[in-house]
There are 2 protein chains.
Amino acid sequence: MPAPGLRERKKQRTRDALIRVALELFTEQGYERTTVDEIVDAVEVSQRTFFRYFASKEEVAFAVQHMVEALFVTALEQRPPGEGPFDALRHAVLSAWDHAGEAISEAVPIELYLRTFEMIESTPALLAVHLRRSAETEETIARIIAEREGLDVDEDPRPRIAVAAFSGVMRVTGQMWVRGTDQSLEAIRALTERYLDHLGPALAPHWRNSAPGDTP
Amino acid sequence: MPAPGLRERKKQRTRDALIRVALELFTEQGYERTTVDEIVDAVEVSQRTFFRYFASKEEVAFAVQHMVEALFVTALEQRPPGEGPFDALRHAVLSAWDHAGEAISEAVPIELYLRTFEMIESTPALLAVHLRRSAETEETIARIIAEREGLDVDEDPRPRIAVAAFSGVMRVTGQMWVRGTDQSLEAIRALTERYLDHLGPALAPHWRNSAPGDTP
DNA sequence: AGGCTAATGACAGTCACTGACAATTGACAA
DNA sequence: TTGTCAATTGTCAGTGACTGTCATTAGCCT
């Protein structure tokens with residue numbers, strides 16, 4: 001790909017600036033207390049321009065998150081076909097977290113991403129959108145799994161069910177991560193492994209026995 | 001409880017009318033295409049009054065759904081202590097569906113509830129709120145499960161993990177239900193059983209073997 | 001240089017939602 | 001029954017997200 005023209009570069013810069021400023025303001029003063037006018041004033045574009053780049057005030061908050069999700073989907077698509085469904089999912093997340101740092105830092109400082117994640121989880125309006133986006137991603141993932149196994153998602157419910165259970169655990173992981181003390185990418189990777197290991201036992205008929213010591 | 005005064009009865013009637021009219025308009029012309037003004041004009045109250053009964057336009061859409069969730073939580077709390085966590089969850093949903101019909105019809109016609117559920121699933125803004133509400137319910141449920149097992153939700157991750165997996169399957173169930181042809185309470189009860197039965201096998205290392213014929 | 005088109009800005013308007021204050025209306029005691 | 005109190009409702013003005021429209025600007029390409 002040759003160097004994009006001045007026009008394209010300008011657009012990219014405007015978009016990046018909007019994301020950067022928005023996330024900074026959101027994390028500093030809170031999402032609700034930040035108006036779109038504040039963002040566009042800081043970037044010196046009109047409000048109309050903001051809404052040409054982002055369909056809503058919410059959308060700009062998920063720009064980086066969007067990349068990380070794409071990373072996971074790509075990782076899943078590249079898992080070897082021999083791997084069972086659940087192993088493929090497991091290895092795909094872990095691989096995604098391994099490459100997330102690099103990918104994120106090309107857009108914004110990692111630390112800003114972490115604070116953004118925290119803000120999303122603690123802002124009701126954003127949490128709602130986050131969950132809906134996740135649900136959409138689940139559908140994509142279920143289709144990938146179905147294809148790996150040579151199944152039709154609309155005939156066999158197992159792809160969607162497995163993905164739903166898996167995603168549920170991922171959600172709890174993210175939730176526990178932001179509530180914990182160690183908010184680093186290494187920490188969420190470790191938590192991911194730990195929580196996935198717990199899924200099997202958690203579905204057992206009784207819990208009396210297995211219970212490794214755990215602190216979220 | 002003695003007969004509530006005129007004031008209370010009037011409030012209840014206004015609230016019911018708002019819910020009824022709102023759901024009717026939402027399901028007929030769509031959520032986004034219905035304005036709050038249309039609702040309050042039909043009920044003949046001021047817009048301000050609407051927002052005194054409901055914090056947002058979204059909230060009125062979940063009034064009935066709210067009851068069903070409460071039904072489930074109550075059912076779970078009444079499961080015998082001997083039952084394992086997953087069995088308790090399973091029996092609680094099934095019991096909730098058994099009593100849902102009666103509970104719902106006290107508020108609105110069942111058929112209106114079914115159409116509302118469909119609308120929620122197909123309206124992005126409402127789906128987002130629905131998922132957030134479900135996430136909140138999950139937390140409640142996790143605490144109940146933890147208590148049943150004599151555990152601390154913040155020490156042992158299994159309650160949250162089990163509930164997350166369970167809720168994920170419930171979500172898929174609801175989703176498949178509204179997409180299917182038989183939209184009755186009996187149908188979703190049957191789907192619930194079937195999908196829960198699939199959870200174990202779906203998490204197995206390989207799917208080669210078990211696969212009952214399925215049409216969602 | 002000059003025409004074409006994508007990108008932006010300016011402006012007016014809609015809709016959800018909120019705060020403040022006035023008007024109304026059950027509740028309840030004298 | 002009436003008068004007082006407090007809850008409920010209505011009115012009004014305002015904010016903030018978002019959209020359609022149209023004029024203006026500014027890369028792009030010959």
Side-chain angles (χ1 to χ4, degrees), chain A residues 1-19 21-23 25-26 28-63 119-120 123-129 132, chain B residues 1-19 21-23 25-26 29-63 119-120 123-130 132:
Chain A
M1 53 192 82
L6 172 55
R7 195 176 263 173
E8 279 308 311
R9 272 178 290 140
K10 246 185 173 173
K11 275 207 298 184
Q12 195 55 50
R13 251 188 295 142
T14 305
R15 196 185 136 84
D16 288 349
L18 284 172
I19 295 173
V21 168
L23 296 188
L25 289 174
F26 288 168
E28 270 165 31
Q29 25 178 310
Y31 175 76
E32 325 266 11
R33 278 187 302 277
T34 304
T35 67
V36 173
D37 281 337
E38 285 181 88
I39 301 169
V40 300
D41 285 354
V43 181
E44 295 188 291
V45 294
S46 70
Q47 205 198 55
R48 200 68 187 80
T49 295
F50 176 94
F51 285 110
R52 284 203 183 93
Y53 280 94
F54 306 98
S56 65
K57 180 182 160 188
E58 282 149 7
E59 198 177 297
V60 67
F62 291 96
M119 176 201 67
I120 291 174
T123 305
L126 292 181
L127 178 55
V129 172
R132 176 169 49 84
Chain B
M1 51 194 83
L6 171 58
R7 195 175 262 174
E8 279 307 311
R9 271 178 290 141
K10 245 185 172 172
K11 274 207 299 183
Q12 195 56 49
R13 251 189 296 143
T14 305
R15 195 186 138 84
D16 287 350
L18 285 172
I19 294 173
V21 168
L23 295 188
L25 290 174
F26 288 167
Q29 23 177 312
Y31 175 77
E32 325 266 11
R33 277 186 303 277
T34 305
T35 67
V36 173
D37 279 338
E38 284 181 90
I39 301 169
V40 301
D41 284 353
V43 182
E44 296 190 291
V45 294
S46 71
Q47 205 198 57
R48 200 64 186 82
T49 295
F50 177 94
F51 285 111
R52 285 204 182 92
Y53 280 94
F54 305 98
S56 65
K57 179 182 162 190
E58 282 149 7
E59 197 177 298
V60 68
F62 292 96
M119 176 200 67
I120 290 173
T123 306
L126 292 180
L127 178 56
V129 173
H130 176 61
R132 176 168 47 85

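Chain letters run A, B, ... following the sequence lines, proteins first and then strands; every chain starts at 1. For clarity, every value in this text was computed on a predicted model and none was experimentally measured.
Looking at the side chain of A:R48, the nearest of the listed nucleotides C:dC11, C:dA7, D:dA17 is C:dC11.
Within the 3.5 Å criterion, the main-chain N or O of A:G5 finds no donor-acceptor partner in the side chain of A:E8.
In this structure, A:E32 atom CD and C:dC17 atom C1' are separated by 12 Å, rounded to whole Å. D:dT15 atom P lies 19 Å from atom CZ of A:R33, rounded to whole Å. Counting to the nearest Å, the P atom of D:dC18 and the NZ atom of B:K57 are 14 Å from each other. Protein atom CD of B:Q12 is 12 Å distant from nucleotide atom P of D:dT8, rounded to whole Å. The nearest whole Å value for the distance from the CZ atom in A:R52 to the C1' atom in C:dT8 is 6 Å.
When each of B:S56 and A:K10 is assigned the nucleotide of DNA chain C bearing its nearest heavy atom, the one mapping closer to the 5' terminus is A:K10.
By the 4.5 Å heavy-atom criterion applied to side chains, B:T49 and B:V40 are not counted as neighbours. Using a 4.5 Å heavy-atom cutoff, the side chains of A:L18 and A:V45 are in contact.
Side-chain nitrogen and oxygen atoms of B:K11 include at least one within less than 4.0 Å of the OP1 or OP2 phosphate oxygen of D:dT8.
Heavy-atom distances under 4.0 Å link DNA chain C to B:V36 of residues 36-44 of chain B, given in residue order.
Nucleic acid contact for A:Y53: sugar-phosphate only, since backbone atoms but no base atoms lie under 4.0 Å from a heavy atom of the residue.
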